[in-house]
Amino acid sequence: MRHTHSCGELTVQHTTLTVDLIGWVHAKRDHGGLLFIDLRDRTGLIQLVIAPQKFPDLVNLHPESVIEVMGTVMLRSTETVNNHLQTGQIEVSVEQAIIHNASDVLPFSLDESRAENVSEETRLTYRYLDLRRPSNYQRLLRRHKIAAAVRNYLNDNGFLEVELPILFKTTPEGAREFLVPSRVNPQQFYALAQSPQQYKQMLMVAGLERYYSIARCFRDEDLRADRQPEFTQIDLEMSFIEAEDIYNLIEGMLRHVWKNVLQKDLALPLKRMRFREAMDRFGSDKPDTRFVLEIQDVTDIFAHSAFKVFADVVATGGVIKAINGKGLTDLTQGELKALEDSAKAMGAKGLAFIRVEESGWKSPISKFFNEEEKVALAKALSMEVGDVVFFAAEKWERACTILGRIRMDCANLLQRRGRLSIDGDRFDLLWIVDFPLLTYDDEIGHYVATHHPFTAPVPEDIGLLDSDPHTVRGQHYDLVMNGVELGGGSIRIHNCDLQRKIFHEILKIPREVVEDRFGYMLRAFRFGAPPHGGIALGLDRLAAMLSATTSIRDVIAFPKTQRGQDLMCQSPSPASQKQLRELHITFK
RNA sequence: GGGGUGGUAGUUCAGUUUGGCUAGAACGUCGGCUUGUCACGCCGAAGGUCGCGGGUUCGAGCCCCGUCCAUCCCGCCA
C-alpha cells in the first residue's frame, strides 16, 4: 500500500512527520490565497492546507474526488483548533498531490444532516455513494461485529459452521418461493431455500451434533420495513438437547454480543412469557414490554349486560377486552379516527370508547351500562379523569390483536405528547413459550402448523392430538425484543411415525405429496435420528435494532425496494430469448 | 389483492385549500472575489416534460379518470 497513514488515525504525536494520505475530498473551502480540503477515509477526516497557486487542479475538484497527497503534519495554532473534529488539533500541509479520480457533481449531498432527508429511491440508485456516509459505514461495521461475535461464541461452544444449499426443492407449505428453472432437467425447478430447516435437521441425523450458519434465506412475499426478499438468519441446530439448552445457549450468545458490540452487560436469565399471557396482556405474540398500558379482560363484567352487542359476543364464545389509554382524553378527532382505522385494519367493526372527563363519561356506549357495570369497569381499568378507554368485543384472538394495535398507537400518541418516554438504548428481551402447536384454518377446514410441521408437541400433550388438537402445546419458543420478533425455534420431531401422523392426519397433506416432498426426511428418521432442536435469529433485525434504526434496509449493503427491485443495478431484468429457450421456458 | 401517504429545479421543499401575471425558496452547480476556514464568506448567473397518459375548461402544477414509481400498513410471511 502506498499511503503511510489513514486519515483518522493521525494525532498530535505525528506532528512534523511527512505522511502520504489517500482518500476522498469530503469538503473544500476555497479562500482564494489558501485552500482547505477535508480528506476522508473510513477512519475519519483530516484537514489539508494547500497553496492553491501550487496546485491549481485541486481548486476545481468536486467533493468525493479521490486524491493522494504527501505533506507534513502540523500542529494547528490554538485559535484554529477545531474541537468538533477528532483530528482537529492538527492539519497536513500539502507538498505533493495526485488526483486519482476527479468526481462528477454528486446527485445528492452526502452531508449527514442533508442525506438523511434524501429520498431512499435516490440513495438506493446511488447506493455506493450513500454507503460512503460515515453513519452507513458504522452500521455495516456494527453488523459485521455482531456476526463476528456470534461466530466466535458458537465456535467456542463446539459448533461447526456448515454452508447448506440455497438451491432446494419446492415445499407444499410455507412462504411463496422463488423458483429456479433447471436447464439440464427440462420442466423441473429448484426453489431458493426459505430457510435451511430441512437440511440442518438432516445434519443432525448425520451426527454433526452442533451446526450453525449465517444463512441467506429467500421468500417471495410482499415486503415491509423489516422484510426483504432475501435476508440473513443466524441459524443453528443441536442434538441431544431440550428447550432449556437452547435458552441457555442463546442467552449466553446474546450476552457475548452485547458485551462485544455494545460494551454492555445483558441481564440474564431472560424473562419468559406464555403465548396466552402475551396475547391477554399485550395483544401480541411479540409484545413490546418497555411500557405498561396493559389490556384488561372485562368479559365477566358484561356477560349478562343489557348492552346487547357485548352480551351477544359473550354468549357466542367471544370476549370483551379493554385498554385504558391513560391521559389521552385530549385526543383530537383526527387521532380518534386514526385509531378507529387501526382497529378496522385488524378486523374490528368499529372502536367503542369512553372518555373520562370532569363532567362524567362521554361515550357512544356507556349509556347502556348499569351502575354496577360502570363501577366494576372503572375499578378494573383504574379509570381516572383524563383517561380514554377502548373496547374490543370479538373472538379471543382478534379482540387481543385489535387492542394490541390500539395499545401501540396509544403509546405513540403518548410519546408524541411527551408523556411516555422510552429509553433509546433499552432492550427488553423475552422468550415467548407455550404456543399452540396447531391453528385451525376456517377457510381450508383443518388445522395448520402454527409455526412449521417439524415442531415437536409437548410430550404430555401428544395424547391430545386426536381428541383436542387445539390444546396441544408445541415445543416452540420465540425470542422477542422491544416488540419485534428476533427469531424462533423449536425442539423438532425426530420420530418417523409422529412426523407422519402430523403430516397425514393433522395437516391433511396428501400421501403422495408427503412422499414427494418429505419422503427423504421420514426415511432418515428411521435410521437413528437423534433428538434435536434449534433456532434461527434474524441477523438483519438484530443489527437494525442494535443500530437504533427501524428499517432493515439500513443494515443491508444493497437492499431491494418494496417491489423487490435493486434500483442500482436494475434487477430484475428481462432474459434473452436464448436463455429462455435453454431453460425450456416459453411465454404464450 | 386491499388501504394510507408522497412524486414540482441536481437535492430538500413551498405553491394544490378557492384553477388565473413569466412556477418560487434553500442548498448544490457555474462565473467572479476572497490567506485561517472547518455547514467558510461576499457578488452575480444558469437551471423546470410540475411522475406519465387522457379528460373538463377561455385557461390546469392545482379539478376528474387512468397509470407508473417510492414508502407505511392489512392480507401474506410454514
Side-chain angles (χ1 to χ4, degrees), chain A residues 26-39 45-53 59-60 62-63 74 76-85 87-88 91 104-126 129 171-177 194-195 197-198 217-229 231 337-338 341-348 401-402 405 408-409 437-439 441 443 447-455 474 476 485 488 490 502-503 507 509 517-518 538 550-551 553 560-563 565 567:
Chain A
H26 185 73
K28 197 183 72 180
R29 293 175 294 281
D30 175 9
H31 288 248
L34 185 66
L35 175 67
F36 298 105
I37 285 178
D38 291 337
L39 192 68
L45 293 179
I46 180 77
Q47 173 164 279
L48 308 178
V49 188
I50 296 154
Q53 55 278 26
V59 177
N60 295 316
H62 287 135
M74 316 279 272
R76 293 201 199 184
S77 63
T78 43
E79 63 273 17
T80 62
V81 163
N82 180 356
N83 289 318
H84 301 293
L85 201 61
T87 59
E91 59 196 5
D104 282 354
V105 173
L106 297 175
F108 63 96
S109 170
L110 300 191
D111 185 86
E112 291 285 2
S113 58
R114 294 193 187 115
E116 288 292 329
N117 297 320
V118 174
S119 75
E120 226 178 335
E121 193 174 354
T122 304
R123 288 188 287 119
L124 289 182
T125 304
Y126 299 93
L129 293 179
T171 44
E173 297 198 20
R176 195 173 292 131
E177 298 162 319
Q194 299 174 40
S195 92
Q197 181 65 33
Q198 293 175 47
C217 306
F218 304 86
R219 289 179 192 170
D220 190 13
E221 294 289 351
D222 286 358
L223 273 53
R224 293 276 197 284
D226 61 352
R227 264 195 244 160
Q228 283 273 305
F231 61 98
K337 173 78 168 43
D341 290 344
S342 272
K344 284 180 179 165
M346 301 304 290
T401 54
I402 290 167
R405 172 70 177 264
M408 294 307 296
D409 289 349
L437 181 72
L438 302 161
T439 307
D441 188 323
E443 270 179 37
Y447 284 95
V448 294
T450 304
H451 291 98
H452 61 56
F454 316 116
T455 304
H476 179 97
E485 182 188 330
S490 59
I502 298 278
F503 282 145
L507 303 178
I509 305 174
R517 305 302 183 201
F518 303 114
T550 50
S551 173
R553 293 188 296 269
K560 295 188 169 53
T561 68
Q562 201 168 35
R563 283 184 65 246
Q565 297 185 334
L567 295 176

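Because the structure is predicted, anything quoted here is derived from the model rather than measured. Letters go in sequence order (proteins before strands), and every chain restarts at 1.
- For the pair A/Arg563 and B/C69, the criterion of a side-chain N or O lying under 4.0 Å from OP1 or OP2 is met.
- For B/C40, the base is stacked against the aromatic ring of A/His31, per a cut-off of 5.5 Å between centres and 30° between planes.
- For B/G75, the OP1/OP2 oxygens have no side-chain nitrogen or oxygen of A/Arg227 closer than 4.0 Å.
- For the side-chain contact (heavy atoms from CB on, under 4.5 Å) test, residues two or more places apart in sequence or in another chain that qualify with A/Asn82 are A/Arg76, A/His84, A/Leu85.
- Heavy atoms of A/Arg553 sit under 4.0 angstrom from primed sugar atoms or phosphate atoms, though from no base atom.
- A/Pro52 approaches A/Gly33 most closely through the heavy-atom pair CD-O, 3.4 Å.
- Each of A/Asp30 and A/Gln47 lies near RNA chain B, and the nucleotide nearest A/Gln47 is the one positioned closer to the 5' end.
- A straight line from CG of A/Asn60 to P of B/C30 spans 8 Å, rounded to a whole angstrom.
- When distances run from any side-chain atom of A/Asn82 to the nucleotides B/C38, B/U37, B/C76, the shortest one goes to B/C38.
- Atom P of nucleotide B/C40 and atom CD1 of A/Ile37 are separated by 13 Å, given to the nearest angstrom.
- Between A/Leu567 and A/Thr125, the closest heavy-atom pair is CB-OG1, 3.8 Å.
- If you check B/C40, B/G1, B/U71 against the side chain of A/Gln562, the one that comes closest is B/U71.
- Below the 3.5 angstrom threshold, one finds no donor paired with an acceptor across the side chain of A/Asp341 and the base of B/G4.
- Look at the P atom in both B/G61 and B/G51: the space between them is 10 Å, to the nearest Å.
- With C1' as the reference atom, B/C30 and B/U17 are 38 Å apart, rounded to whole Å.
- Residues A/Lys560 and A/Pro453 each lie close to RNA chain B; by heavy-atom proximity, the contact nearer the 5' end of the strand is made by A/Lys560.
- Rounded to an integer number of Å, the gap from A/Asp111 CG to B/C40 C1' is 14 Å.
- By the side chain to side chain donor-acceptor pair (under 3.5 Å) test, A/Lys560 is found to be paired with A/Glu230, residues two or more places apart in sequence or in another chain being considered.
- Looking at residues two or more places apart in sequence or on another chain, you find a side-chain contact (heavy atoms from CB on, under 4.5 Å) between A/Gln562 and A/Leu223.
- Ring geometry for A/Phe518 against A/Phe454 counts as perpendicular: the plane angle is over 60°, on a 0 to 90° scale with 30° as the lower cut.
- Out of B/U29, B/C74, B/C77, the shortest distance to the side chain of A/Arg219 is found at B/C77.
- Closest contact between the side chain of A/Gln565 and the listed nucleotides B/A70, B/U29, B/G1 involves B/A70.
- As rounded to the nearest Å, B/U5 and B/A25 have C1' atoms that lie 24 Å from one another.
- Summarising the local packing, CZ of A/Phe36 is surrounded by more than 12 heavy atoms from other residues, nucleotides or ligands at distances under 6.0 Å.
- Comparing the C1' positions of B/G10 and B/U56 gives a spacing of 35 Å, expressed to the nearest Å.
- Out of B/U71, B/C38, B/U35, the shortest distance to the side chain of A/Arg76 is found at B/C38.
- Using atom C1' as the reference point in both B/C62 and B/U16, the two lie 4 Å apart (nearest Å).
- Distance, A/Leu110 CG to B/C27 P: 18 Å, rounded to whole Å.
- Among the heavy atoms of the strands, none lies under 4.0 Å from A/His84.
- Legend: salt bridge (Lys or Arg N to Asp or Glu O under 4.0 Å) pairs involving residues 26-37 of chain A, not counting sequence neighbours, sorted by first then second residue: A/Arg29-A/Asp38.
- Counting any heavy atom pair closer than 4.0 Å across all strands shown, A/Glu79 reaches no nucleic acid atom.
- Distances were taken from every side-chain heavy atom of A/Ala175 (C-beta onward) to each of B/C74, B/C38, B/C77; the shortest belongs to B/C77.
- Note on A/Arg123: nothing from the nucleic acid sits closer than 4.0 angstrom, heavy atoms only.
- Closest to the A/Glu221 side chain, of the nucleotides B/C72, B/G36, B/C77, is B/C77.
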Under a 4.0 Å heavy-atom criterion, the protein footprint on nucleotides 7-17 of chain B, written with B, S and -, is ---SSS-----
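- Between A/Arg29 and the phosphate of B/U37, there is no side-chain N or O to OP1/OP2 separation shorter than 4.0 Å.
- Within 4.0 Å of A/Ser195, counting heavy atoms only, lies at least one base atom of the nucleic acid.
- Residue A/Leu34 has its side chain nearest to B/U35 when only B/U35, B/C74, B/U37 are considered.
- Under the side chain to side chain donor-acceptor pair (under 3.5 Å) criterion, A/Arg219 pairs with no residue, sequence neighbours left out.
- Closest to the side chain of A/Glu121, out of B/A70, B/U29, B/C72, is B/A70.
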